[in-house]
Protein chains: 2
Amino acid sequence: MTATRGAARDALRQEQIVQAAVVLLDEGGVENLSMRKVGGRLGITGAALYWHIKSRHDLLLLAVDHVWAQVAHPCLAGPHWRPALLAMADNVRALCVRHPWLLTAMAIQPLDGPAIDRHDRHLLAVCEKSGLTREDAEQAAQSILTFAIGSVLAAGPGPYVSFGLRSILDGVETRLAVRT
Amino acid sequence: MTATRGAARDALRQEQIVQAAVVLLDEGGVENLSMRKVGGRLGITGAALYWHIKSRHDLLLLAVDHVWAQVAHPCLAGPHWRPALLAMADNVRALCVRHPWLLTAMAIQPLDGPAIDRHDRHLLAVCEKSGLTREDAEQAAQSILTFAIGSVLAAGPGPYVSFGLRSILDGVETRLAVRT
DNA sequence: ACCTGAACACCGTTCAAGT
DNA sequence: ACCTGAACACCGTTCAAGT
């Protein structure tokens with residue numbers, strides 16, 4: 001089947017392009033990402049990229065999902081949901097600090113992509129494991145993600161991170177106490 | 001004194017420029033802000049702007065502070081700190097929703113400017129009025145701002161906003177209970 | 001003091017044309 | 001299928017020159 005072989009080759013090429021984009025983004029932020037520079041890193045023209053990728057905007061989204069895939073998912077088996085949630089919040093924070101352009105990209109448009117979906121579902125699963133109802137778990141998961149991302153945007157690390165995060169986790173526990 | 005009159009005229013011109021920039025930003029986001037377009041709105045060349053403004057990047061920061069000055073500061077006199085904090089968080093949220101490019105600009109570089117400083121100090125004052133120590137008040141203020149901004153970035157409105165925010169305010173109250 | 005015009009080194013994107 | 005080259009309509013910024 002030359003069709004699938006061709007598609008596979010194209011996917012490979014696309015990943016090379018996305019990797020080159022990530023390098024440029026890490027070096028100089030969103031404004032450093034240009035089609036001609038990405039092409040230059042692969043020995044081709046900037047215009048040639050349009051065979052594999054729809055637009056610069058699309059390439060940026062692909063790069064976001066690519067680095068988001070690197071964030072670790074803590075094991076679901078363990079009995080301690082609270083440290084697991086803290087770890088996930090910290091992993092997101094660390095990712096955003098390592099790739100500051102992530103925030104810029106996320107501010108342009110709401111996040112979307114397979115790796116992000118996977119992470120969202122995992123976070124929700126951990127919240128549900130604590131015993132919360134589905135609705136409460138969704139609110140908790142969103143709150144944790146919101147705070148993790150906001151904490152990178154609004155200011156430096158600082159001790160307030162633990163204050164806000166601890167408060168949210170305490171909120172989860174009071175919610176649990178009410179139900180039982 | 002022609003010197004001060006000249007400076008005053010220049011400040012006026014600068015405000016016109018910033019206002020034109022805000023219009024363009026509201027219309028089409030950060031990528032719609034170009035020197036030539038701003039100049040066009042005022043009947044001058046794009047290059048002419050450089051007499052009044054240092055760079056496009058600087059103009060963006062000026063625009064951020066300009067809209068930030070519009071957020072209302074709830075009265076400090078009232079006895080209820082909790083609704084005051086909720087109101088401030090909501091005002092910030094509303095501002096970021098009204099000017100979506102604010103998030104993009106804020107993600108590029110940490111906020112700075114007189115209007116933002118004024119807002120930060122007011123938020124801190126409300127937190128201190130609750131009876132928290134200076135250090136705890138700073139953590140609470142940062143947490144509230146973080147959550148307000150993050151909630152716009154991470155997702156739509158949704159009920160989780162009240163969940164996270166309520167948890168943080170509950171955290172303030174438990175902190176107060178411990179001290180007394 | 002304040003602005004123009006031209007210039008420089010860039011952009012994203014399209015598209016015919018090559019192989 | 002995959003890429004080049006040229007082209008188009010844009011950019012930010014500088015700077016001499018005008019008034």
Side-chain angles (χ1 to χ4, degrees), chain A residues 1-64 101 104-105 107-109, chain B residues 1-64 101 104-105 107-109:
Chain A
M1 283 220 185
T2 65
T4 59
R5 264 227 304 265
R9 244 221 322 249
D10 196 66
L12 248 171
R13 196 70 166 141
Q14 178 162 312
E15 188 160 323
Q16 286 178 41
I17 293 172
V18 173
Q19 275 173 7
V22 170
V23 170
L24 288 171
L25 288 164
D26 284 340
E27 275 176 8
V30 172
E31 62 188 7
N32 195 41
L33 179 70
S34 90
M35 296 293 135
R36 293 190 233 259
K37 281 182 188 167
V38 172
R41 283 203 145 259
L42 292 129
I44 56 177
T45 319
L49 295 178
Y50 286 85
W51 182 261
H52 307 277
I53 251 121
K54 216 171 58 184
S55 66
R56 186 194 113 111
H57 183 249
D58 233 61
L59 178 53
L60 186 58
L61 294 184
L62 289 171
V64 168
W101 51 271
T104 322
I108 292 172
Q109 117 170 185
Chain B
M1 281 218 184
T2 64
T4 60
R5 263 225 306 263
R9 246 224 317 254
D10 196 65
L12 249 172
R13 197 71 166 138
Q14 177 161 311
E15 187 160 324
Q16 286 178 40
I17 292 172
V18 172
Q19 275 173 8
V22 169
V23 171
L24 288 171
L25 287 164
D26 284 340
E27 275 176 10
V30 171
E31 62 187 10
N32 196 42
L33 179 71
S34 89
M35 297 293 135
R36 292 188 233 257
K37 281 181 188 168
V38 172
R41 282 204 145 259
L42 291 118
I44 55 178
T45 319
L49 295 178
Y50 286 86
W51 182 261
H52 307 277
I53 249 120
K54 217 171 58 184
S55 65
R56 186 193 113 112
H57 183 248
D58 233 61
L59 178 53
L60 186 59
L61 294 184
L62 288 171
V64 169
W101 51 271
T104 323
I108 292 171
Q109 117 170 185

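Reminder, nothing fancy here: chain letters follow the sequence lines and each chain counts from 1. Predicted model, so just to flag it, every value in this text is computed and none were measured.
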Sugar-phosphate, base or nothing in reach of A:Leu33, heavy atoms under 4.0 Å: sugar-phosphate
Length of the NE2-P vector between B:His52 and C:dC2, whole Å: 6 Å
Proximity to the side chain of A:Asp10 - top-ranked nucleotide from D:dT14, D:dC2, D:dT4: D:dC2
Distance below 4.0 Å between A:Thr45 side-chain N/O and D:dT4 OP1 or OP2: yes
Nearest-Å distance for atom pair CZ/P, residues B:Arg36 and C:dA7: 14 Å
Spacing of B:His57 atom NE2 and B:Leu62 atom CG [to the nearest 0.5 Å]: 10.5 Å
Complementary nucleotide for C:dA6 - Watson-Crick or wobble, under 3.5 Å: D:dT14
Touch class at under 4.0 angstrom, heavy-atom based, for A:Lys37 against every strand present: sugar-phosphate
Protein-nucleotide distance (A:Tyr50, atom OH; C:dT14, atom P), rounded to Å: 7 Å
Under-4.0 Å side-chain N/O to phosphate OP1/OP2 contact, B:Trp51 with C:dC2: yes
Sugar-phosphate, base or nothing in reach of A:Leu42, heavy atoms under 4.0 Å: nothing
B:Met35 CE to C:dA6 P, straight-line distance once rounded to whole Å: 21 Å
Shortest non-hydrogen contact between A:Leu49 and A:Gly39, atoms and distance: CD1-N, 4.0 Å
For atom CD1 of A:Ile17 and atom P of C:dG12, their distance in whole Å: 14 Å
Protein-nucleotide distance (B:Leu59, atom CG; D:dC11, atom C1'), rounded to Å: 15 Å
Euclidean distance, A:Leu60 CG relative to A:Leu33 CG, rounded to 0.5 Å: 6.5 Å
Nearest non-hydrogen partners of A:Val64 and A:Ala105, listed with the distance: CG2-CB, 3.5 Å
Pair assignment for C:dT19, Watson-Crick or G-U wobble, requiring both distances under 3.5 Å: D:dA1
OP1 or OP2 of D:dC3 under 4.0 Å from side-chain N/O of A:Arg13: yes
Interatomic distance where CD belongs to B:Gln14 and P belongs to C:dA1 [whole Å]: 16 Å
Between D:dT13 (P) and B:His57 (NE2): distance, integer Å: 10 Å
Atom pair NZ (B:Lys37) and CG (B:Leu42), whose distance is rounded to the nearest 0.5 Å: 15.0 Å
